[in-house]
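I have placed the structure first, in the form of structure tokens, so that the comments after it can refer back to it.
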Amino acid sequence: MSQNYSEPGFHVAPWELRWCGLNLESLADMESIFALSNGNIGVRATLDEGEPVGTPGTYLNGFYEERELPYPEGGYGYPEDGQTVVNVTDGTIIRLFVQDSPMDMRYSRAVEHERVLDFRSGTLRRDTVWTSPTGRSVRIRSERLVSFTQRAVAAIRYEVEPLDADLDLVVQSDLLANEPVPTGGADPRLAAALDRPLAADFATAQDLSAVLVHHTKRSGLRVATGMDHHLELSSAADVTIGAEEDLARLTIAVDVAKGEVLRLTKYVAYGWSSRRSVPALRAQVDAALAQAKQTGWQNLLARQRDYLDKFWSHADIEIDGCPELQQAVRYALFQVLQAGARGESRPIPAKGLTGPGYDGHSFWDTEIFVLPMLTHTMPEAAADALRWRHATLDKAKHRARELSHDGAMFPWRTINGAECSAYWPAGTAGVHVNADIAYATAQYLAATADTEFETDCGVELLVETARLWASLGHRDASGKFRIDGVTGPDEYSALGDNNLFTNLMAQQNFRDAADACERRPDIAQRLEVGDEETARWRDSADRMTLPYNAELGVHEQAENFTRQGRWDFAATPKEDYPLLLRYPYFELYRKQVVKQADVTMAMYLRGDAFTAQEKERNFRYYEALTVRDSSLSACGQAILAAEVGHLQLALDYLAETAFIDLHNLHDNVSSGLHIAALAGSWLVCVAGFGGMRNHGDALSFAPQLPPALNRLAFRILWRGRCLAVEVSDQQATYRLHSGQSLTLTHHGQSFTLGDDAVTLPVPEPASPAAVESPPGREPLRHG
């Protein structure tokens, strides 16, 4: 983790991210940061000309190749196949030749070069003035989008203008499959999976359009990619097109006068399936291209803007007092939207569709960090993500039976719903993912009252995850319910007994499942849930073991955790972080050192299970142990820091999670963005400084602002209403922008919000004693 926010070169602006100049060493970083996606298609921000390039990447949600998982020795129940996201056919490449000189930013001179990611238009713009080796200058402007309204379509407007003389220009627009990509790591199976992963099925080209169809060699998925064009020229051009197995190319040769503009609009469409034939997929992309051309570039832009205007109208967060933080938070919200907007029947990967990191897998990040934001800003996207989990329920139930348990055991990491993580104590035993899915389900139902989702998916998700806990846990001699040998969110502790986070989330899972069955007895009957089973769930919840050290007055992360030796932080050099890269897990597992918020996260999600005094003592104890070697830690620490009164610390952690990718704080943005951490920016603003909590059907707020911020305003969706909260000058104002009146709680005071705004005082913040971070792991002071 970087220890300072060095000037990254971004121009500070409220609604865009602008970078001027070109740094060849940071190409891969910029390709992630400026990536475009709609949740179905993801396109890394490679230069239009295709080179120079860091890591090329065009991804389709759910499209992967299988590979054998490596084991020195096998074991019963070990997953055998991994899944790796595939860089599919690249449709973004538009090569330019100026008087026979290839336009390449590495050669000759780029007089001007800037790129702008616009959060309101949903486009990436590029403006370059380039002088060729022969002294010819051109201005190149491009704008690209991945459509939110036509989910199979991406489009690019590419313009070339001669600046000092009439020029002979050649433009080549490509579809390119099997681009070479860096594999990283030493696993030959991964390298094999990514080495020319697509086998050709079909290629055709005519007029201004072309289609390529390929399939993966092991997973058997088939993908079709098509392109079509609209060309605007003031003079005649020689236009040819051709296609072969891995390449389709449109070539335009034309003389362009000084001051005139060659303008090319390129439409790209994708379709993939595990079942559909080559003709069917070709027909799908042909139809998508026809629709895109009929819509036209300007209408695609207008519809993209309309879509985002609607999103920002109920999702925007306004921050006064720190323009850089305002920009970073809006960037974060935009990227989370891109990750989840049109995924529909597919998962939300940890990196979204911005890079190959984590092999394109989805984890518990989605349910605990991403879905809270989507539930309150784009509930249909949250429902789609949970419907995808429900669609994989058969795989989860099969996995539970394979491991000798009832109910459903959802995978630690996956693309298609099957477990594809090689055995690893910190992952395989991370069964809290099942309760995390149940928690997100219950939170979604509470926030939306979506009876259709409850009927189709919700109750069953809650029931099958509750059945897992009933099977996984057991009663001890005293009658307490125990869940032994599991790993919580902190991956520096593994196979612990009664992990507090896991047990509290399982407890909530039991109660939510029982409540759902009582609410919907028709579905309970269909799932063969009787009164005896729900009674056992409630009794198990009431008897849940919650480890506590009475001598220290703190909850234990797991039984006996507080009795382990403490990690020697003072003797650990800064360059040894993250610890997992320098020390064996065997040592980490035996010490009190926390990779990421665990008990702290439990106190946020299950705040109803702790007193205010317990929260303060627990936070103090675990803050001194938490090294934040995970991108998922800072937002949870920020939320609790705000709740217990450490407002400056909470602001520091908000900055850390909001700037995680813009400042490359974990030195790995080249492989894709940290979508859950970016969603954590929303969590800190709304649940941290806004103090929003939802335990059951009650919605409450306890807002507080750090001195460095003058004002915070946000909106959320709640049961058909749009609710606005504004905090400034030691007061909070609540407004209903739409929907019927409702009862809320403000710092413990109940009130009814109707047509008129309600303004209430914000109490003076608490002044708790300072907390300590591990030496060398203090967050950077912000503001």
Side-chain angles (χ1 to χ4, degrees), residues 306-318 333 337 340-341 371-387 439-459 462 508 511-512 515-516 518-523 607-608 682-683 685-703 711-728 731-762:
D306 289 347
Y307 185 96
L308 283 162
D309 283 348
K310 181 180 178 182
F311 170 75
W312 290 117
S313 72
H314 54 251
D316 188 25
I317 292 178
E318 299 174 63
L333 303 185
L337 169 70
L371 291 197
M373 173 187 155
L374 294 179
T375 292
H376 293 288
T377 60
M378 184 164 281
E380 61 273 21
D384 285 338
L386 290 169
R387 285 183 186 277
Y439 181 88
T441 299
Q443 290 282 298
Y444 172 79
L445 289 172
T448 64
D450 185 344
T451 55
E452 181 181 355
F453 172 82
E454 182 178 53
T455 299
D456 295 343
C457 307
V459 176
L462 293 170
Q508 188 67 49
R511 290 171 176 165
D512 287 336
D515 289 346
E518 291 181 5
R519 215 169 38 241
R520 298 300 305 270
D522 54 329
I523 302 176
D608 56 325
W682 184 91
L683 287 171
C685 291
V686 174
F689 295 128
M692 187 183 85
R693 298 292 186 273
N694 168 26
H695 297 303
D697 293 336
L699 189 61
S700 64
F701 297 87
R711 174 178 167 272
L712 171 71
F714 60 86
R715 298 180 183 185
I716 65 163
L717 301 179
W718 175 262
R719 297 189 175 185
R721 305 170 178 88
C722 181
L723 169 66
V725 181
E726 181 177 352
V727 190
S728 62
Q731 65 181 26
T733 300
Y734 300 86
R735 292 183 177 87
L736 264 182
H737 282 270
S738 63
Q740 298 178 341
S741 62
L742 78 164
T743 300
L744 301 172
T745 301
H746 168 87
H747 283 282
Q749 174 187 347
S750 180
F751 69 98
T752 299
L753 180 63
D755 294 337
D756 298 327
V758 175
T759 299
L760 298 169
V762 172

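Positions are given from 1 along the sequence.
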Does any non-hydrogen side-chain atom of [Y] lie less than 4.5 Å from one of [X]?
| X | Y | value |
| --- | --- | --- |
| F453 | T441 | yes |
| L736 | L742 | yes |
| E726 | E318 | no |
| R519 | T451 | no |
| L333 | M373 | yes |
| W682 | I317 | yes |
| V686 | V725 | no |

Identify the heavy atoms of [X] and [Y] that sit nearest to each other, and give their distance.
| X | Y | value |
| --- | --- | --- |
| P703 | V727 | CB-CG2, 3.6 Å |
| H314 | T377 | NE2-O, 2.7 Å |
| A757 | T733 | CB-CG2, 4.0 Å |
| R520 | T455 | NH1-OG1, 2.8 Å |
| V762 | A732 | CG2-N, 3.8 Å |
| A383 | Y444 | CB-OH, 3.4 Å |

[X] side, atom [atom1]; [Y] side, atom [atom2] - distance, nearest 0.5 Å:
| X | Y | atom1 | atom2 | answer |
| --- | --- | --- | --- | --- |
| F714 | D316 | CZ | CG | 12.0 Å |
| R511 | L462 | CZ | CG | 14.5 Å |
| I523 | E454 | CD1 | CD | 6.0 Å |
| H376 | L371 | NE2 | CG | 10.5 Å |
| S738 | L717 | OG | CG | 7.5 Å |
| D515 | L445 | CG | CG | 11.5 Å |

Check your understanding: For atom CG of D309, is the number of surrounding heavy atoms from other residues, nucleotides or ligands below 6.0 Å larger than 12?
Key -> yes
Review point. Take atom CD in Q740; do more than 12 heavy atoms of anything else shown fall under 6.0 Å from it?
Key: no
Point to revise | Lys/Arg-Asp/Glu bridge criterion (N-O < 4.0 Å) met for R387, D456 | key: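 D456 and R387: salt-bridged.
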Review point. Does the side chain to side chain contact (heavy atoms under 4.5 Å, CB included) test come out yes or no for D608 and Q508, once each step is laid out?
Key: CA-CA 11 Å; D608 56 325; Q508 188 67 49; 4.3 Å; yes
Practice item. Measure from the side-chain N and O atoms of R715 to the backbone N and O of S313, and report whether any donor-acceptor pair falls under 3.5 Å. Key: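 Yes, because the side chain of R715 sits within donor-acceptor range (under 3.5 Å) of the backbone of S313.
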Check your understanding: Is the side chain of R721 donor-acceptor paired with the backbone N or O of I716 at a distance under 3.5 Å, no angle test?
Key ->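 Not at all, since once roles are kept as given, no pair shorter than 3.5 Å links the two residues.
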Practice item. Please work out which of the three classes, parallel, tilted or perpendicular, describes the rings of Y734 and H746, given edges at 30° and 60°. Key: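 Because their plane-to-plane angle is over 60°, the rings of H746 and Y734 count as perpendicular.
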Point to revise | Candidate list T448, L723, T375, L699, test side chain to side chain contact (heavy atoms under 4.5 Å, CB included), partner W718, passing option | key: L699
